[in-house]
Amino acid sequence: MGSKISAIALAMALSLGCWLGWVQPTWASVHTYPEGAGAVMVRSLQTLRDDRDQAWQLVLFNRSQHGAIESVHLRLVGFPGKVIVQHPDPLRISSSTAAWTAPDCTAEVPLLPLSTGEYDVQPAIAALPNNSPLQITLATTGGDRTLKIPPYAVREWREVAQMLPNSDAS
């Protein structure tokens with residue numbers, strides 16, 4: 001009977017510990033990809049809706065080479081046939097206290113669909129003082145589209161933008 005009670009107590013303690021945050025949370029949407037020769041990509045994937053209720057995949061990724069971050073880009077992928085991203089218009093990023101523009105670098109990536117835009121967000125992400133919500137606006141042939149980025153995504157982006165995984169694993 002005593003071992004049964006201690007097992008129940010241990011299960012309750014572990015459950016309470018997880019619930020109170022003693023265990024580090026996992027990032028289900030963050031992944032690391034070795035790209036060979038000391039190059040590594042770390043990416044965060046979110047799916048959000050714009051102000052017209054259209055779904056977008058937002059892929060923020062950093063690429064590092066031999067322990068140094070080379071770039072931090074945000075790729076926005078709209079539903080093909082529903083939207084065409086206007087190139088080379090920059091992405092506009094704003095918080096409650098500041099605003100940035102991120103240059104369009106889609107032309108550097110061959111064969112992206114018309115519903116996709118890729119932007120250099122490294123300076124903007126580095127300048128963020130905290131995990132406050134953001135608003136991003138991108139130009140499309142049908143007019144601007146605005147997405148609200150919640151604090152949990154901003155936190156993840158800030159962390160991914162600074163991650164330097166062990167590049168020797170490639």
Requested in this report: State, with a plain yes or no, whether a side-chain heavy atom of Trp100 is found less than 4.5 Å away from one of Pro123.
Outcome: no
Requested in this report: Please answer whether the main-chain N or O of Ala37 pairs with a side-chain N or O of His66 as donor and acceptor at a distance below 3.5 Å.
Outcome: yes
**Report entry** Side-chain heavy atoms of Gln57 within contact of Arg75, under 4.5 Å
**Finding:** no
Requested in this report: Enter the distance from Met41:CE to Met163:CE here, rounded to the nearest 0.5 Å.
Outcome: 12.5 Å
Query raised in the report: Does Leu48 reach the side chain of Trp56, with side-chain heavy atoms less than 4.5 Å apart?
Result: no
Requested in this report: Look at the side-chain heavy atoms of Ile, Leu, Val, Met, Phe, Trp and Tyr, link any pair under 4.5 Å apart, and say whether Leu74 and Phe79 land in one connected group.
Outcome: no
Query raised in the report: So if you build clusters from Ile, Leu, Val, Met, Phe, Trp, Tyr with side-chain heavy-atom gaps below 4.5 Å, do Tyr119 and Ile84 land together?
Result: no
Requested in this report: Check step by step if side chain to side chain contact (heavy atoms under 4.5 Å, CB included) holds for Arg145 and Val83.
Outcome: CA-CA 10 Å; Arg145 301 291 180 110; Val83 66; 4.2 Å; yes
Report task. Report yes if the side chains of Thr47 and Leu58 come closer than 4.5 Å at any heavy-atom pair, otherwise no. Result -> no
**Report entry** Nearest-0.5 Å distance that lies between atom CZ in Phe61 and atom CH2 in Trp157
**Finding:** 12.5 Å
Query raised in the report: Taking atom CZ of Arg43 and atom CD of Glu156, what is their separation to the nearest 0.5 Å?
Result: 9.5 Å
Query raised in the report: Does Thr106 use its side chain to pair, donor to acceptor, with the backbone of Glu118 at less than 3.5 Å?
Result: yes
Query raised in the report: Taking it one step at a time, do Arg49 and Gln54 satisfy side chain to side chain contact (heavy atoms under 4.5 Å, CB included)?
Result: CA-CA 5 Å; Arg49 292 189 172 274; Gln54 295 295 311; 5.6 Å; no
Query raised in the report: So, the side chain of Ser115 versus the backbone of Gly78: is there a donor-acceptor pair under 3.5 Å, distance only?
Result: yes
Query raised in the report: Is there a side-chain contact between Ser95 and Ser132, using heavy atoms and a 4.5 Å cut-off?
Result: no
Query - Under 3.5 Å side-chain donor-acceptor pair for His73 and Asp120 - result: no
Report task. State plainly whether one hydrophobic cluster holds both Val121 and Val154, where clusters connect Ile, Leu, Val, Met, Phe, Trp and Tyr through side-chain heavy atoms under 4.5 angstrom apart. Result -> yes
Query raised in the report: Do side-chain atoms of Ser64 reach the backbone of Gly67 as a donor and acceptor pair under 3.5 angstrom?
Result: no
Query raised in the report: Would you say the side chains of Gln86 and Thr140 form a donor-acceptor pair under 3.5 Å?
Result: no
Query raised in the report: Can you find a pair of side-chain heavy atoms, one from Arg158 and one from Asn131, that are under 4.5 Å apart?
Result: yes
Query raised in the report: Side chains of Leu164 and Ile69: does their closest heavy-atom pair fall under 4.5 Å?
Result: yes
Query raised in the report: At what distance, to the nearest 0.5 angstrom, does CD1 of Ile149 lie from CD1 of Ile93?
Result: 9.0 Å
Query - Candidate pair Gln46 and Ser44, rule side chain to side chain contact (heavy atoms under 4.5 Å, CB included), full reasoning - result: CA-CA 7 Å; Gln46 305 287 336; Ser44 162; 3.7 Å; yes
**Report entry** Residue among Thr116, Asp50, Leu91, Val59 satisfying side-chain contact (heavy atoms from CB on, under 4.5 Å) with Leu76
**Finding:** Leu91
Query raised in the report: Between Leu138 and Leu147, is a side chain to side chain contact (heavy atoms under 4.5 Å, CB included) present by the stated rule, with each step listed?
Result: CA-CA 9 Å; Leu138 73 151; Leu147 294 102; 3.8 Å; yes
Report task. Give a yes or no on whether a salt bridge exists between Asp51 and Lys148, defined as a side-chain N under 4.0 angstrom from a carboxylate O. Result -> no
Query - Straight-line distance of Thr101 OG1 to Asp89 CG, nearest 0.5 Å - result: 11.5 Å
Query raised in the report: Under 4.5 Å between any side-chain heavy atoms of Val72 and Leu60, yes or no?
Result: yes
Query raised in the report: Are Val109 and Val42 connected in a single hydrophobic cluster, I mean Ile/Leu/Val/Met/Phe/Trp/Tyr linked by side-chain heavy atoms less than 4.5 Å apart?
Result: no
